[in-house]
Amino acid sequence: MQRFALIGAGFIGGVHGANLAAHPDVDLALVFDIDLARATDLAKRHGSRATTDLAEAFDPTAIDAVLIASSTDTHAEHLRTAATAGIPALCEKPIDLDLARAVDVVRFAETRSLRAMVDFNRRFDRDYAELQRVVTSGEIGSVELIQLTSRGPAMPPLEYVAVSGGQMRDQTVHFFDLARWISGLDPESVFATGSTLAEPRLAEYGDVDTSAVTLRLPGGALVQIDCTRRIGYGYDERIEVLGSTGMVEARRQRAGSVSRYSAGRVVDDGLHAGWFERIRGSYRTALDHFVDALENGAAIGPTLAEALKAQAIAEAAARSLTSGRMEPIEYPV
């Protein structure tokens with residue numbers, strides 16, 4: 001049984017809190033938030049205890065692991081504290097919006113041999129995991145082209161956009177990680193172009209809402225990623241991998257599988273309303289992986305080093321948006 005402290009009681013903290021409380025091998029011992037009322041509300045829902053004292057949340061005599069779901073600007077410092085205390089950590093992405101600061105805390109964590117995982121939870125989606133297994137097994141030959149799609153149903157609030165780091169670092173970064181994981185390769189260069197079609201005011205933040213990204217892999221294989229913040233038909237996410245001898249795809253998922261037939265017409269169920277409805281289950285599966293690794297001493301991933309690589313791709317893509325050129329990807333060493 002792993003005694004967890006949950007750091008952060010906002011929306012995503014609430015998601016993680018419910019999963020922690022339901023896990024048979026987890027004791028949700030503590031909920032921390034700078035807002036005591038918010039922490040108390042979440043703690044009461046799951047029979048836990050609330051605190052605004054970080055020292056309690058990182059007390060190795062009472063806590064076995066932490067789940068960091070606080071605001072992005074606190075992730076790096078909480079990881080540093082976990083490393084100092086020797087407490088394993090499951091952390092929401094990103095490690096930090098500033099790559100240099102993220103690298104610094106990861107290097108510190110490495111000196112302390114911190115067991116840590118960054119929650120790129122799409123790796124734990126059932127369909128994506130099977131697609132990656134097929135590619136890795138060689139069933140479709142050598143990877144030649146990967147196509148990834150991420151299309152959201154609605155613009156996030158502008159106040160969120162202002163602190164998100166932009167589409168490359170916030171939305172597309174998940175697909176940079178998937179591209180590396182599926183191909184088993186580190187992209188060498190990236191070209192990104194984008195527009196503000198759904199929300200022109202995004203230009204004030206140097207951001208876009210509609211983008212197309214091309215990554216070049218070692219050996220010449222390509223990755224194409226299209227991302228949009230706002231579409232009119234639900235949440236649309238899918239992956240296709242073309243190999244030298246075949247193809248594998250994880251298709252868009254509908255909210256249901258009922259088809260209604262009438263004269264000259266077939267009506268199917270539509271897509272999920274939003275990103276969370278589509279990938280909700282992957283949060284539970286990612287937690288299962290982390291807890292199982294703690295219980296059995298198994299390897300944990302995605303690691304901090306893997307998260308840094310996804311972030312390095314996002315940084316190069318953001319540069320490309322501005323420069324209009326193919327940009328080399330510089331990975332932390």
Side-chain angles (χ1 to χ4, degrees), residues 1-70 74-75 77-93 95 105-106 108-110 112-126 129 276 279-304 306-307:
M1 182 70 71
Q2 300 291 320
R3 298 168 298 176
F4 267 78
L6 173 62
I7 313 297
F11 168 73
I12 204 63
V15 173
H16 288 301
N19 290 336
L20 287 166
H23 199 290
D25 296 320
V26 167
D27 170 20
L28 179 53
L30 198 65
V31 177
F32 166 86
D33 198 278
I34 57 174
D35 183 333
L36 180 59
R38 190 163 63 178
T40 299
D41 178 65
L42 182 57
K44 281 184 176 179
R45 272 185 268 156
H46 301 300
S48 184
R49 186 169 64 85
T51 186
T52 57
D53 183 359
L54 265 179
E56 285 191 83
F58 289 95
D59 177 3
T61 67
I63 298 298
D64 299 311
V66 294
L67 198 160
I68 300 170
S70 49
T74 65
H75 291 179
E77 197 54 43
H78 290 329
L79 280 169
R80 185 178 295 275
T81 304
T84 301
I87 297 176
L90 172 56
C91 185
E92 272 293 321
K93 67 86 187 168
I95 297 168
V105 75
V106 171
F108 178 78
E110 289 172 347
R112 300 301 182 101
S113 300
L114 176 68
R115 301 198 74 197
M117 171 178 155
V118 177
D119 199 11
F120 279 117
N121 55 300
R122 280 170 174 80
R123 290 194 185 195
F124 298 91
D125 179 85
R126 182 197 63 184
F276 179 65
I279 65 169
R280 181 197 302 261
S282 63
Y283 284 104
R284 292 190 296 271
T285 310
L287 177 63
D288 288 344
H289 167 76
F290 183 69
V291 172
D292 182 68
L294 296 183
E295 294 273 288
N296 299 302
I300 292 176
T303 63
L304 295 177
E306 289 178 295

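As the structure is a prediction and not an experimental result, all values here were calculated from the model. When a residue number appears, it is its place in the shown sequence, counting from 1.
Around CZ of R126, the count of heavy atoms belonging to other residues, nucleotides or ligands within 6.0 Å does not exceed 12.
Listed here is the closest heavy atom pair of L42 and G14: CD1-CA, 4.0 Å. In this structure, T52 and I34 approach most closely via the heavy-atom pair CG2-O, 4.1 Å. Among all heavy-atom pairs drawn from P302 and F124, the shortest one is CD-CE1, 4.0 Å. Residues A69 and H16 share a closest heavy-atom pair of CB-CD2, 3.9 Å. Here the shortest heavy-atom pairing between H75 and K93 reads CE1-O, 3.7 Å. Contact record, A39 with F32: CB-C, 4.4 Å, taken as the closest heavy-atom pair.
Within the 3.5 Å criterion, the main-chain N or O of A37 finds no donor-acceptor partner in the side chain of D41. T81 places a side-chain N or O within 3.5 Å of a backbone atom of E77 that can act as its donor or acceptor partner. Distance alone, capped at 3.5 Å, places no donor-acceptor pair between the D33 side chain and the L36 backbone. Checking side-chain atoms of E306 against main-chain N and O of T303 turns up a donor-acceptor pair under 3.5 Å.
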For residues 1-9, dump all side-chain donor-acceptor pairs below 3.5 Å to protein atoms at least two apart in sequence or in another chain.
unit_1, atom_1, unit_2, atom_2, d
Q2, NE2, E295, OE2, 2.7
R3, NE, A62, O, 3.4
R3, NE, D64, OD2, 2.9
R3, NH1, T61, O, 3.3
R3, NH2, D64, OD1, 3.0

Do any side-chain atoms of residues 22-29 form donor-acceptor pairs under 3.5 angstrom with protein atoms, and if so which ones, sequence neighbours left out?
unit_1, atom_1, unit_2, atom_2, d
H23, ND1, D25, N, 3.0
H23, NE2, D288, OD1, 3.1

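Interatomic distance, CG of L67 versus CG of L287, reported as 7.0 Å (0.5 Å rounding). Going from atom OG of S48 over to atom CG of L20 covers 9.5 Å, rounded to the nearest 0.5 Å. In this structure, R49 CZ and L30 CG are separated by 5.0 Å, a value rounded to the nearest 0.5 Å.
The side chain to side chain contact (heavy atoms under 4.5 Å, CB included) test applied to A89 returns V66, I68, L79, A82, not counting sequence neighbours.
Proximity of the aromatic rings of F276 and F11 is defined here by a centroid distance below 6.0 angstrom, and this criterion is met.
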